Structures are given as structure tokens and as C-alpha cells.
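Just so we're clear, the structure is a prediction, and the values are computed from it rather than from any experiment. Quick note on labels: first sequence line is chain A, next is B, and so on, each numbered from 1.
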4 protein chains.
Amino acid sequence: MNSEIKRIGVLTGGGDCPGLNAVIRAVVKTAINKYNLEVVGYLDGFGGLINNMAKKLTVASVSGILPRGGTILGTTNRDNPFKYPMIKDGERVYVDMSDHIMDNLKEMGVDALVVIGGDGSLSIAKEFCDKGLPVVGVPKTIDNDLSATDVTFGFDTALVTATEALDKLHTTAESHHRVMVLEVMGRYAGWIALHSGIAGGADVILIPEIPFEIENVCRKIKARKVQGKKFSIVVVAEGAKPLGGEMVVQKIIEDSADPIRLGGIGNVIGEQLEKCSGMETRVTVLGHLQRGGSPTPFDRLLGTRYGAHAVKILMEKKFGEMVSLRGTNIESVPIAEAVKVLRRVSPDSDIVFAAKSVGIGFGDE
Amino acid sequence: MNSEIKRIGVLTGGGDCPGLNAVIRAVVKTAINKYNLEVVGYLDGFGGLINNMAKKLTVASVSGILPRGGTILGTTNRDNPFKYPMIKDGERVYVDMSDHIMDNLKEMGVDALVVIGGDGSLSIAKEFCDKGLPVVGVPKTIDNDLSATDVTFGFDTALVTATEALDKLHTTAESHHRVMVLEVMGRYAGWIALHSGIAGGADVILIPEIPFEIENVCRKIKARKVQGKKFSIVVVAEGAKPLGGEMVVQKIIEDSADPIRLGGIGNVIGEQLEKCSGMETRVTVLGHLQRGGSPTPFDRLLGTRYGAHAVKILMEKKFGEMVSLRGTNIESVPIAEAVKVLRRVSPDSDIVFAAKSVGIGFGDE
Amino acid sequence: MNSEIKRIGVLTGGGDCPGLNAVIRAVVKTAINKYNLEVVGYLDGFGGLINNMAKKLTVASVSGILPRGGTILGTTNRDNPFKYPMIKDGERVYVDMSDHIMDNLKEMGVDALVVIGGDGSLSIAKEFCDKGLPVVGVPKTIDNDLSATDVTFGFDTALVTATEALDKLHTTAESHHRVMVLEVMGRYAGWIALHSGIAGGADVILIPEIPFEIENVCRKIKARKVQGKKFSIVVVAEGAKPLGGEMVVQKIIEDSADPIRLGGIGNVIGEQLEKCSGMETRVTVLGHLQRGGSPTPFDRLLGTRYGAHAVKILMEKKFGEMVSLRGTNIESVPIAEAVKVLRRVSPDSDIVFAAKSVGIGFGDE
Amino acid sequence: MNSEIKRIGVLTGGGDCPGLNAVIRAVVKTAINKYNLEVVGYLDGFGGLINNMAKKLTVASVSGILPRGGTILGTTNRDNPFKYPMIKDGERVYVDMSDHIMDNLKEMGVDALVVIGGDGSLSIAKEFCDKGLPVVGVPKTIDNDLSATDVTFGFDTALVTATEALDKLHTTAESHHRVMVLEVMGRYAGWIALHSGIAGGADVILIPEIPFEIENVCRKIKARKVQGKKFSIVVVAEGAKPLGGEMVVQKIIEDSADPIRLGGIGNVIGEQLEKCSGMETRVTVLGHLQRGGSPTPFDRLLGTRYGAHAVKILMEKKFGEMVSLRGTNIESVPIAEAVKVLRRVSPDSDIVFAAKSVGIGFGDE
């Protein structure tokens, strides 16, 4: 056992993600059952560290939270302690609160920290580690776009939500001979669109990694019509870009008769497809539904493994590292390396090969 | 048995609705198994009648369709045979195709018709009945707003979709201390909003039948904050109206800083609530997801009962009538009466009493 | 308002049923929000009344329980306070604890009681009412077999569980050319079997109300084989009986080569069908899965309406009555009448007509 | 392209598994779209090869089957073509039908075979390959117990079914203060029990890889009672064994008062736990429900990737190999190696560590 670490803090940062509670529960139970530690939960991400808002977590505190979405600790996308916004003399200034936090932690007897968060939160965790605080990380991204781990929790739940939406749109598209467009999350990486598109039987998948031309998408839809398939399903990642990029999108919006209907790339594409195919087209933006709900068994399990091993690597003094899944094993990697590289869809990957083989178009040809 | 009716036609009209296939299956199986009839399915609603697009339906044709959403016959919201749009001398004229259809039916030996559709389709069915065609109806409305029947199929499935969305939004709202607005269907009647709002634990439900004032909604959300509930869930029927109606909505859009984000009442309300409550607010428009997907057991059962009894009342020569559910029994009522009266939420009903008793606000006080 | 009732007790009795928490939540919120009452929850059914185990219930106590199965108050199938088993002089005697309970209630200042339970619990509730205690009831039966109300909460959830099981068995039956038997609940009434059987596309449904002959079931399965349908799905209510009843079942068990596999009617029928059809047959007993899980939106809504109106009729002094659903309205009826009559499937009902029309056999012909 | 292979056959062997249709669909679409091949589907496993029962598969044949459980080709656990049972002179003899099959294939112009199956089917595939037939394999095991691949399709769906069952049992266990035992699949490897047990919040998990002592399980349940947790959830793999193995199970059955209730290890354990804990205990055997139902998005995706790559490695002449998932990539491995080694749960693995850390007992201490 570790003679120095007796009380640890845990916090969740960044956007919501199904499985956060599974991680928290495993951190708390492992710390108490296995290593005889005390656990303090900080509320609302790094904001809780700054304002010293915390509560003691016991085994009873985490009872029953495994199947629940969200995080019992609260979270936020704001609040970087190294650049905390304050009003001084009527002006907004950014203050480094990290020393203040280090003092707070010492005062509360918190010896180490488990940070559950995305690349933003993990970068902050790394900075605290550099200041001498024992910190380990648990990676969190609904987009599954972190190269340092094969999968992140929450992704499978989002995938199920997106695929169920496609299953629902499918029958209506078929009955009404419509083009149905579904916009899903994925600003820089198209994993949700790619996986749900294949699983949901989409005809076209548009992702940031493969720039599309709207003419190619139209041709695909018309070709289906000729084959007697009088409907099409198009999945669009929110970060999908046409060849030529933003300027093209802007042009489309300006040319639009009804700008108020537009708002995201999904609506832009929907309007274009209706025009060029002459088919009724409907757009659905899945939005926050993808971040909520009870985590799938896969995500509950992965969250539990992550949480238990985060405490384990902490006790093994692997400070500055984060847990990660490689194949079937949990490992750990330095946060510094992990947050550097985005995991993006490779157009040459076996998944894209499979997608194209079953007839899915990406608008690139 | 009925000596005259030997071959019947069936068609589905209007918007998509989970359970249509269950009705079609029951019509076909009952006609063949029970009454030794032949069945012809017309494609794409009344359009199929006009263009004589049909296929013979056997027990094999409907095998496996019970759990599937959509309609194997196709459907459309257009195509009134009594006012069919055509281009004549370069101008659009509306032509009465009903005699043409009566001839077609006679030629194909189709003696009677089962029309599955909403008030539009049922009104057309009634007109054909008045022309001497034996017709019976099966009521269809996802909004459950038909006074002549206690429940319509498809509504329960839409309710599950909307409630699952609320369950998902709930955890994120709580974790992020947000106001979450969900816009659901219901142009003239707020049944989906009311039922899903109660089932999904909403804090505010806004429906067409109870005009709201945005100030009341804001006060409710702020009151929750004071009680330590740092989030709120608001369900809005697409037809919800503020006291003062359309003009108020128009005013809000004009005042908006970001009109492009707006589009429906959900977004309008979301913007207002963010302003007045000072809380992060997110809006989700559920849209077409509510019309799709595998029907719930309730809807499969109700669709099956409707379909079987539609053929039964046809054979009993109850022409011009439609099937309906009263309490636990299937009955039949004249279409003429049925399509006249909308079933709307009564502010004095026991459901609204229950909703208010558990603390749900309607923006009316 | 009522000047006499200031504090009410609530308890749940009998078997588990999804929606109990929805009722409790509505009782508590309605009592506090609407009528300014205090609420005490008794634990583990009438046992809590006997042993005076109770806790104060506030709005916070019931926060978040709406979507959760089970009951936060605990429940039990035992413990009739009028015939409470005790050991006296080494022998089991049955003691009337009701006066003791009346004293306890008075001492704790509990003026009235809401009893949520099946016919057993409601009969006890009625007896307390006869002793002068203001009591109202909320009916609970997963089997939906109470004639005094159109539907009871929990039934829809059980129906979904059973239908999902049938959907799963369907694909395997078809792939493997098997007979799949599913045993569901329903000791005296076959509602779950009937509704799930129709919704799940079963080929045969066996229920207590329609005695079956195994030869008829076999003939049906063989007829399907001849038609090229190389599999069959059979749903059996646990209380289904062959013509001739128990003796026939007993005979089958004695004749069986492998008595250890048998246990319920489902297994008995499975063995018979394997023998007579020559097809691989598999039996699944759904059991307790039908009583658990998050209640469906329908059950959450019905539970909420029941709970809110139970308090309402209590305040209206309708003592000795229970809430009930008639058509689309909540009403109230005397418990005394309600518990007398079982609601059973009528072989002449429109549902059985629909089932037979789509080709489902009941083993009666 | 490959000049020799112009027409391929595909078949599914062994037990049902969600995702089989996804594989078939991807094989057919990839063969036709990508490699311009013809595809023949053999019915009911190797039986179809023996009896030359086949049908041509087109893109239309596989339309709409992606989300459906089961296999459109049928399957069976019997029928080894190298040891095919026949009756000769009144006695059962086993005949080698492989030459007959090779002739059939040549006659039908089928140049190569894709075999989707478990270790039995894949071993047969290997034998055909040794006879000179170009064959590739797609591994299938609901138990996920194949060492040559990280995951197999169908496992995730089974996991969801088992976890949902645990979620349902949880609330009832808690309300009734019961011990709930769930028996799941896993004859030689406990993956379903382990994963679902962690995901479903079980208290005890019993698997073949970790022999248990019933006394340890009892002590665990009693310890929970002392801590105020008046219920327990026990997941048992069907192949779980007590220390001492089969003899102990046999002894328990002999000692049992009610042998008819027993049948599997789940019931045996349930009876023991009821005795030793003094708590009401209920046993549910999940059985065939685990093999059915619509595959999860994960399984649909994995099945699609497997199917597409099976055709790819066939065209790359990697005969005698099967597709496999390693980390995030699809690879291929020789069937000969793959079927030799079972993938079993290691008591020292990180998953078991995580399970024990959150307080789950395995009956081994």
C-alpha cells in the first residue's frame, strides 16, 4: 500500500457523457474497499476545486448510480483554474488560481486527484501534476476521438441512440419515399456518423475526414431511385465539410430561400438534396439526446474498469498518466502524449472499406 | 357470409404512424382466413387508386410485418381524388377523379374499400361511400386527437419515443444545471406533450389548449432554483401558443439576436428562457423520430384489433363507419360524426389535475 | 379543505409491480403540494403498520423515483394484520393485530391511510375502513385481472417484457425450425399471454379461460409445417389448463422420461409438443422478469393519475373506495365491490376474435 | 481481381447468434458490388451442402435484414458432412459425404465457400480447405470464448439482454428483500456472466474459471444483510462449478427436497442460498432469450466488417483463414490455430480486478 496517499479527490469535467457515474462509483469503491482511502468529490468540475465545493463520498453515496446517466458530481465546460475569468476594476481578467487550489487541497488533506474529462480537462490535470500534485486521468469523449485509447465510454451509448434514430427514420423514409437526413455529433472526427451509419443501414455518410461534393451525394440518391429504391438515408456528422470547406457552406446559406430553417450542416445538406433530387427531404438534428440516458452495458463496464484502474495506477504512483483500453486490456499512458493526437477516421481503414463494400457513399466519388 | 363482397381494397393515407402494418396485416389475414375474400393493396394512398397502382395481398405478403414501422403500401399526405391537381393548358386545375376511380375499381373487381387514415383520408372515404362504394375506415392520428375513439394506434409509440428523450435530457440537465426544452408533435392537441411530460418528469408542459405566459414559466424555473433544483425540463407541443398568440411569437423572432437558430416554438421559448432565467438552455426538436420505429405492443395489438374489426364491420355492411376503441371494447361509429370533433386536452381533466398536483406548471399561473 | 385529515400514511402490499413508485410519488406530492398534508410511509406492507416501522416522506424523498421499478417502501406478500402469525407456547397461532395498529396510528397522529395493493391488501384495507379508519385504495395487479378498472399499472410494462421476449424467440425459432414455448404470468386470467401473444405474433396462445387440448395445438403446428412455416411460437399463461384440468397435467408428469426438466405448465406443454410434432422444442419461463424494470410511460402516467386521485378521493371523504380507470377517466368505486369480481378473458370478446382472425390458435378447436 | 473465383457459396452453422444476417448481407453485397461475383446461399448449415439446398442471393435478397436477428439461411447444430449419420441395414452408420459435396459444388459452379460458424463449423471448413476447396471462415460464438479474436458478434447483444434482466431483477430484489439468481449462458467461459454481472451491479458472479464454495457466497450475502443491504443479486454462468465439481452438484440434487424444481446450476445454487441465508430466493434462467433479438449497433457493425473482409481475404487467396478483430482492426488468422484455443476469463485479469474492487464476490474467498 501507499503510505502517503490517504485521501483522494475526484471530479468530472467537460460535456456530459454516459458512464461518468460508473467511473465515479468504481473510483470510490476501489479507493475505499481496496486501498482503504477516503474520497472527496469536487462539484461542477474544476469550479469545485476553485470554490472548494466538495462532499465526502462513501460507498453509500454511489449506491444505485451505475445505470444512471449524467454525473452525481455535476460538470461544466468552463472554469480553467489556470485562466480563471474574474472582474477586476470593471474589466475581465484571467487569473491563475492554481496555487490557491493547491493550498485548499492541502488544507482539506486531499493528497491526490482523479480527473475524469476530455482533452481540455486532462491538459489542466497535467498542469497540476507538473506543479507536484499526484494526479491521474480518466479519458472522456463522446466522439471517441482520442488516439491514446481504443474506445472511450459513452461512445457506445451515443451509437445506440443514433442507430435507434436511424431505425426510426428508415421506415418513414421508405413509406413516404423521402430523403431523411440525420445530423449527429462529431466536430473533428466522424466516428458516431460512421458507426451508426453502417449499423443503421444508411445510404450516405458524410464525415469531417472525407470532404464531400453535394453533386456526388445527389447522384447516389438518384441512382437509388433508378434502381427502385425510392428513399435514402443520409447521416451527417456536425463537422462534415464539402470540398472547399466553410466558404461553400456560407454560400449555400446565402442562396437559401429560407435561412431561418437552416442552422447546422444537416439543414444545409437537406435543402441542397431536396433541390437536386426533387424528393421530399426531412432533417433531424439529434443534438443533446446523444449525451444522455442510461449507459449501455459496454459503457458501464468500461467505466467501471477505468475507474478501478485509475485508483490502481494512482497507488502505483503513475502520476500524470491516464487509463486507456488497448485491445482487451486496460493500460496506462502519459496524459501529455495522449491529448496531443486526435483519433480520426482513416479513409483507408477497414471500416470505410466495409462501408463502401455494402454500398454506402461518402460523397467523395 | 356476404354474397356480394368478394374482393376488397385497402390503402393507407396521410402521415406515417407506427402500427399501420399491424392494421394491414390484420385486414389481409381476417379477409382471407375468416371471410374467404381476396385483397388488393393500393400503393401510396389515394394516388394508388387514381393511377391504379395495386398489388394482390396474400397471407405471405404480410408475413413478418407486424413489428415493423411504416407501411408496406406506402403513403402520402397529398392526392385528394376529388380535387386532384393537374396541368391543363399550362395552368393548374383541380379535377374530380372519383368517377374514374369507381370505374377502375369495377374493372378490377374490387367491391369495397378499407381506408386507413387521418381525418383528411377518412373524409375522402366518406365521399366515396356517398357515391355508393362500400367503404369502412380505420382512424389514424399520431396526435391521438380524434374524439370518436379513446386511443389511436401509433400514439403509444410516439409517447415512448418522447419519454425516452426526456429521460435522456434529464440526466444531462441535472449534471450541467441547464434548462432543457423538448419540442414534440401536437399542432392542435397537446396529448403527446402532456402524457410524455408527466411520464418523463417534466417541470413545465406547454400545450395548445392552455395558453401560456413566458413570465409564468420563468417564475417556475427560478422558484426551482431557489429550492435547490438547479435544472428544469420543459416540454412544448409544436402548437403551443402564448396568451396573445401568433403575434407574440412573431415579435419574439424579430427581437431575437440570432434568428437563424429559431424555427419552431421550441427554439423561441428556449431563447426566452435563457434570457429570463440566466441559465444555459438547450432545445431539442424531436420531429420525425416520433412517427417511426417498431410499434409498441399496445399499438401492435390495437392495430390488429382495428384491422380485424374493419373487415368485420365491412361484412356487416356498416358502410361509412369506422372502428373505434371505447373503454376496453372495439366499436364502430359513423365517419361523418367522427371526423367532425377534435379530442383536445381539457384544462379541467383529471390528467391535468394530476400533472399540477405533482408540481408541473402549464405557464398559466 | 378537510379540517380533520392532517397526516396520512401510505403503504404498498403484495407482489412487485412497475409503477408503484409513480403512485407513491404522486400521493406524496399531491398530499403536500395540493392539500398541505404530512405523509408517513410504512415499510414492507402491513408489516410496517404492525411493527410501526415508518418514515416521514417529503417531496425530496420521492425525487427521481418516477422511472424506477420496485417500491421505495418495500413490500411483502405476507402479513395480514387481522390474522398475524405468532408463536405462543410453542405453537403457531393467528392473532388480530388491528386494534394494536389503530392505537399506533392514533399515537403517531396518522389520520388516514392510502393502501396500494392487490385484492388481498385491498380487502384488509376495507376491514380497517370498517373499523372506522379513513382508508382509500389504489388497485395493483400485474395480471390486469380486476373487473373494477379497465387497466392497472404495471400490466403495460409486463406486456412489453413478454413481447420483447417473443420478438427474440421469433428469430431463433425461424432460423432453427423450432417450436418455442414461452410461459408468462397469469394464474387465473390470461391477459399477459393474450396481449403479448397477439403483439408478438404468436401462433398459439393458451390461457386459463379457454381450456385446450394438446392434440389441437399439435395439429396447428403440423399444419404450419405443411404450409412451409417450419417453426411455431406458443405462449402459455402459467394458469393455462388442458380440458380435464390438473389430473391431465399430473398424468403427463408421471409419464415423462425426464421429470427434472418439468416444473411448470410451460415445460409440460413443451415436452408434449416435441413428442407430437417431432420438432426441436425449447421452453422459456419468463418469471420474475415480468415484475421488474423501469415502468413504461403508460404505467408511469397511470400510476401518477392513480396516486393523485387517491389523495383527492380521500379528501372528498370517499372512504372505503379505490381509484379506477374507466375509458379515459379516473373514477372511484367501493373496494367491497371491486375485489369481488375477477376480470377474465371472454372467449367471445373482440380481442379473441381478432386473435383468431389473424390465425392464432387457442387449442380449443 | 481473381480470375478463378466467380461464384461463391455462403452458409451459417451452429447455434443462433445476433448479427448473422449482418454478416450474410455484407458477404453478398461485397461479393457483388466490389468483386462482381455471384453468390449462392446454402440452407440450414452443412445440411444444405449435403442435400444441395441452395438459393441465389442478390442485393435484393439481403435488403432489410441488417437489423434482424436469426439467419435468413437457417442453421443447425447437427450435420457434420465428414461424419453424416445414415441408416444402413437398420443400423446407424456415419458416412463421409465430403466428396459428394465437392462434386455438387463443382456441378453448381461454386468455386469457394464462406463459412460462418463456431469452432465445430470452422473445423469442418478447415477440412474442406484441406481437400482443396477455397474456404474462409467468419467466427461465431455467443460466448465470446475464441482466443483468436478480441470479440465476436452477438456477444454484445447477449450482454445487453442479460444486463437488462439484471436491471429488472434488481428493483424487485430490493423491494422484496430477496436473493435473485440469474443463470446465463457460458458453458466453458464466463464472459456473459462477468460482463453482465459488472454492468448490472451484481453482488456475486459465479463462472467456470473460478470454482466457488457455496459457503463463501452465503457469507457474502449475510455480510450485506448486516450492512443493511437486505437483498442480493447473483449471476451464475451455466458452466459454473463448485470446488469439487460435478459430484458436489449431484450431491446437492440428491439432498434436495424438491428435485423437480432443479434442473440447472442456477436452481441448485438458488436452493442452497435460500437455505443458508434464510432469505426468499428466486431463480431465473435466461436461456434462449440470449441468442435472439435485433443485434445491437456494435454487433451489426462487427458483422458487417467481418462479412466484407471475409470476401476480401477470399479474393486475396488467404484460404483456410478466418477474419478476426484485434484492437480496432480487422485481421485474418489461420482457422487451424484459431479453433484450438479457448479464450477464458483469467482470475488475474484487469476485469476481475475491477469486479472485486467494486465489491463483487466470486465465491472463491
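Between the side chain of C/Ser175 and the backbone N or O of D/Thr71, at least one donor-acceptor pair lies under 3.5 Å.
We find that D/Arg68 and C/Glu174 are not joined by a salt bridge, their nearest charged nitrogen and carboxylate oxygen being 4.0 Å or further apart.
Residues D/Val285 and C/Val285 fail the side-chain proximity criterion, which asks for heavy atoms closer than 4.5 Å. Side-chain contact between D/Asn77 and C/His176 is present, with heavy atoms from C-beta onward closer than 4.5 Å.
Inspection of the D/Asp44 and C/His177 side chains reveals an N or O donor paired with an N or O acceptor under 3.5 Å.
A side-chain contact (heavy atoms from CB on, under 4.5 Å) with C/His288 is found for one member of D/Leu169, D/Val283, D/Leu182 and no other, namely D/Leu169. Each of C/Asp16, C/Thr157, C/Thr161 was checked for a side chain to side chain donor-acceptor pair (under 3.5 Å) with D/Lys168, and the lone residue meeting it is C/Thr161.
Ranked by heavy-atom pairs under 4.5 Å with chain D, the first of C/Asp167, C/Leu73, C/Thr284 is C/Thr284. Ranking D/Gln290, D/Arg178, D/Arg282 against chain C, the residue ahead of the rest is D/Arg282, based on heavy-atom pairs under 4.5 Å.
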Please assess D/Leu286 against C/Leu289 for the test side-chain contact (heavy atoms from CB on, under 4.5 Å), listing each intermediate value before the final yes or no. CA-CA 10 Å; D/Leu286 207 46; C/Leu289 297 179; 3.9 Å; yes
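Using a 4.5 Å cut-off between heavy atoms, C/Glu280 contacts chain D through its side chain alone, with no backbone atom that close.
Considering CG of D/Leu20 and OG1 of C/Thr171, their distance stands at 10.0 Å, rounded to 0.5 Å.
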